[in-house]
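Just so we're on the same page: letters track the sequence lines, and every chain starts at 1.
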Amino acid sequence: MSQLVVNFSGNERAIPAPVTVAGAIKEFDRDVLKKTLAAKVNGEDVDLNKELSATDQIISIEPITADTRDGLEVIRHSAAHLFAAALLDLFPGTKLGVGPALMDDPRYGFYYDVIAPRNLTEDDLPVIEKKMKAMAKQNLPYRREEIEKARVLDIFAERDEPLKRELIDEKAGDNASIYYIDNSEFIDFCLGPHVPHTGKLKAFKLLALSGAYWKGDAANQQMQRIYGTAFATQEELDAWTKQREEAEKRDHRKLGRELDLFSISDEFGQGLILWHPKGGIIRNEMERLLREELENRGYSFVYTPHIAKRDLWVTSGHEGNYADSMYSPTSIEDEEYRLKPMNCPFHIGIYKSSPRSYRDLPQRYSEMGTVYRAELSGTLHGIMRVRGFSVDDAHLFVRPDQVHAEVVDCLDFAIKVFETYGFDNVKFELSVRGDAENKGYLGADADWAQAEAQLASALDQRGISYDRIEGEAAFYGPKIDIKIEDAIGRVWQLGTIQLDFNLPERFELEYTAEDNLKHRPFMIHRALFGSIERFFGVLIEHYAGAFPLWLAPVQVAVLPITDRINDYALEIAGRLKGAGFRVETNTKSDKIGAKIRDAQMQKVPFMLILGDKELEEGKIAVRERKQGDIGQMSLEEFLETITQQKLARSL
RNA sequence: GCCACCUUAGCUCAGUUGAUAGAGCAACUGAUUUGUAAUCAGUAGGUCGUCGGUUUGAGUCCGACAGGUGGCUCCA
């Protein structure tokens with residue numbers, strides 16, 4: 001009898017062959033087999049029902065279990081197939097595109113791009129989901145076959161699946177791996193692995209319907225994409241659903257309205273923000289923090305217009321490369337002007353306004369510069385993606401030998417500011433020029449090498465671990481992107497520190513060096529928030545609207561229990577205002593519970609509850625927004641606490 | 001811009017098979033003077049997104065457009 005030797009988690013055993021992977025695992029550990037979905041055999045991902053034939057070599061088998069990331073990926077991928085199978089059953093003639101598992105998108109777990117005989121609507125999703133559940137119950141096996149490419153192409157030609165054929169043609173080798181599910185019309189071109197049968201899929205849900213271009217190219221036809229998610233257990237799916245509801249509660253558009261922070265109205269234009277007084281207070285505090293840091297770090301403050309002559313944008317290259325995102329030109333006295341989509345050319349104008357010596361560098365110009373971009377309507381999203389926004393912009397004009405120190409300072413700046421907001425997890429990505437690729441990179445090789453080395457060494461010096469991404473640099477220079485993780489684990493791309501070999505060249509920037517010759521300065525674009533509107537949106541969601549004291553539009557709510565106390569309340573409020581705090585006094589004739597509820601819903605950090613007792617004793621009763629009642633104290637004591645919190649910008 | 005869905009009072013939403021608009025909260029007025037998340041009563045508030053069509057009759061059916069939402073492409 002032939003046999004093979006299997007190494008399973010360090011144990012070796014001879015097993016009669018042929019045997020399936022599942023059969024082999026069973027010889028070692030029946031319990032592990034129960035939660036195993038697929039396996040790695042000699043490092044290769046395979047299905048459990050793959051047959052192993054006799055061999056002299058030792059075969060290593062590692063299980064892929066449901067409780068691992070690899071296992072989840074198998075579940076999600078299999079769920080996408082189950083979806084396709086259900087869809088084919090309900091809508092015969094549906095053409096399939098691609099249907100991958102999504103592992104890094106917190107919103108979804110998989111999708112499938114399809115073209116159904118009629119456009120699917122949201123009402124179809126529950127019907128399809130029901131069919132999926134019915135199929136899951138039947139424990140239908142997923143079967144894999146490797147077939148010669150030409151035959152596979154014939155199969156999909158017969159089934160009239162032109163998109164799949166295109167994929168197979170492009171991706172398959174001599175043989176193509178296909179999957180089918182028993183008792184279903186479904187056949188797919190796919191490497192796997194999958195769960196052994198549909199019964200292993202216990203917790204899945206269809207979520208959303210959208211359009212998606214074939215191969216992600218807007219020039220191609222648009223298909224329908226159905227999003228869903230799947231987990232190993234119902235408990236995990238429930239937890240995910242709960243997390244999703246939590247994110248919805250934090251939606252900046254909802255909170256922006258409830259807390260009266262900003263509004264967007266079609267009357268003024270899509271994607272244009274009206275900052276209300278309370279939003280304005282927060283913005284002002286955000287800018288105050290920035291201003292302090294900019295001053296400390298030797299930046300100067302500049303102000304530039306919102307519009308400039310068209311010729312300027314020709315010189316800068318925006319007319320050539322960016323015109324689609326710019327508002328159309330407007331004319332006065334036969335001269336054309338365009339709204340600015342970026343601030344850089346203006347700062348360059350300031351640099352060029354007089355001759356520069358090497359002693360003058362670095363020049364650091366900062367500006368909260370408002371720019372306008374003609375974004376497609378479908379891309380707009382609340383305050384996060386708009387058509388007019390302000391960039392916390394700065395441009396540094398530096399000598400080559402200064403790049404390193406300037407970048408270190410930029411990194412330091414970013415970390416300090418984001419820490420103040422309570423973002424402890426700041427991620428950095430260094431994007432460099434990929435080798436061998438020709439993306440039309442500008443600038444000399446030596447400059448690139450030097451610039452990339454300086455960015456890397458700046459990151460190293462500041463002790464920052466970062467991801468290095470080859471080939472992601474802009475055509476005009478390498479960059480460091482800054483990303484932060486918010487309170488519920490979502491990652492936001494914000495600022496960037498970007499070297500630019502293009503604009504100094506285009507505008508012929510120079511400075512006179514010690515050798516009395518003209519040299520070209522390096523230019524660094526630097527923004528921490530990217531857009532203050534967007535960052536404000538991130539903050540709203542990060543804090544769930546409960547801004548720390550230093551940012552809160554109303555810092556203290558003074559709540560008298562009866563009308564008798566109103567005068568005392570106004571006196572206390574007056575003293576707080578005198579000390580520089582933002583205070584609202586509620587003298588309505590509501591009960592104290594209602595006043596507290598009001599203040600609580602407005603997420604005011606501190607409430608002062610004032611009744612006869614407080615009036616008599618000349619004290620205040622303090623309620624903190626999260627802790628609740630924290631007892632009586634003197635106004636002086638309270639002032640000391642909040643003054644300290646405010647100055648420290650405590651969270 | 002493209003695909004799907006949505007649009008009724010400031011906000012959140014009802015409005016059955018077509019018969020001249022309804023609630024809660026908010027606002028305002030009055031009563032109440034209250035001890036840690038909603039006191040009671042009253043008043044006011046809407047060309048049902050816009051335009052057109054079907055119909056004796058449209059918030060309701062059909063069409064176009066606008067805006068919004070979720071995505072795609074793009075992106076701060």
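Side-chain proximity of Asn119(A) to rU34(B), rA4(B), rA66(B): nearest is rA4(B). Of the candidate nucleotides rG70(B), rA4(B), rA76(B), rG70(B) has the atom nearest to the side chain of Tyr108(A). Relative to the side chain of Lys591(A), the nucleotides rA37(B), rU34(B), rU73(B) differ in distance, and rU34(B) lies closest. Residue Arg257(A) has its side chain nearest to rC11(B) when only rU32(B), rC11(B), rG70(B) are considered. Closest to the Arg253(A) side chain, of the nucleotides rU69(B), rC75(B), rA31(B), is rU69(B). Closest to the side chain of Lys588(A), from the set rA76(B), rA27(B), rG71(B), is rA27(B). The side chain of Gln270(A) lies closest to rG68(B), out of rG68(B), rA66(B), rU33(B). Of the candidates rA4(B), rC75(B), rU39(B), the closest approach to any side-chain atom of Gln224(A) belongs to rA4(B).
Summarising the geometry, the separation between CG on Asp123(A) and P on rC6(B) is reported as 8 Å, rounded to the nearest angstrom. The CH2 atom of Trp214(A) sits 19 Å away from the P atom of rC3(B) (whole-angstrom rounding). Rounded to whole Å, atom P of rC3(B) lies 19 Å from atom OH of Tyr111(A). Regarding Leu102(A), its CG atom lies at a distance of 12 Å from the C1' atom of rG71(B), rounded to whole Å. When the P atom of rG71(B) is taken as reference, atom CZ of Arg385(A) falls 13 Å away, rounded to whole Å.
You can call Phe389(A) stacked on the base of rA76(B); the centres are under 5.5 Å apart and the planes sit within 30°.
Residue-level contact check: Leu559(A) touches neither bases nor backbone, having no heavy atom under 4.0 Å from any strand. Note on Thr379(A): a base of the nucleic acid sits closer than 4.0 angstrom, heavy atoms only. Among the protein residues, Ile592(A) comes within range of the sugar-phosphate backbone only, with heavy atoms under 4.0 Å from sugar or phosphate atoms but none that close to a base. As judged by a 4.0 angstrom heavy-atom cut-off over every strand, Ala527(A) is placed among residues making no nucleic acid contact. Residue Met607(A) is classed as having no contact, given no heavy-atom separation below 4.0 Å to the nucleic acid. Among the protein residues, Thr496(A) comes within range of no part of the nucleic acid, since none of its heavy atoms lies under 4.0 Å from any strand. Val391(A) comes within contact range of no nucleotide atom at all, as no heavy-atom separation falls under 4.0 Å. Here Arg225(A) lies in heavy-atom contact (under 4.0 Å) with sugar-phosphate atoms only. Residue contacts shown for Gly628(A) are absent, as no nucleic acid heavy atom lies under 4.0 Å away.
For rG1(B), the base has a donor-acceptor partner in the side chain of Tyr213(A) [N/O atoms by modelled type, under 3.5 angstrom]. One N or O donor and one acceptor, one from the side chain of Glu614(A) and one from the base of rG35(B), sit under 3.5 Å apart. Gln600(A) contributes no side-chain N or O that forms a donor-acceptor pair with the base of rA38(B) under 3.5 Å.
Distance check on atom P: rG1(B) versus rU55(B) gives 34 Å, rounded to whole Å.
Put simply, the side chain of Glu533(A) gets close to the backbone of Ser390(A): a donor and an acceptor are under 3.5 Å apart.
Remark: rA4(B) base-pairs with rU69(B); criterion is Watson-Crick or G-U wobble with both hydrogen-bond distances under 3.5 Å. Judged by Watson-Crick or G-U wobble contacts below 3.5 Å, the nucleotide rG63(B) has rC51(B) as its partner. The partner of rC25(B) is rG10(B), by the rule that a Watson-Crick or G-U pair needs both atom distances under 3.5 Å.
We find that Arg364(A) and Glu406(A) are joined by a salt bridge, their nearest charged nitrogen and carboxylate oxygen being less than 4.0 Å apart. Between Asp105(A) and Arg107(A) there is a salt bridge, since a side-chain N of the basic residue sits under 4.0 Å from a carboxylate O of the acidic one.
A ring-centre distance under 6.0 Å is found for Phe536(A) and Trp275(A). Ring centroid separation for the pair His525(A) and His347(A) does not come in under the 6.0 Å cut-off. Side-chain rings of His542(A) and Phe423(A) approach one another, their centers coming within less than 6.0 Å. Taking the centre of each ring, Phe428(A) and Tyr466(A) stay at or above the 6.0 Å mark.
When each of Glu533(A) and Lys613(A) is assigned the nucleotide of RNA chain B bearing its nearest heavy atom, the one mapping closer to the 5' terminus is Lys613(A).
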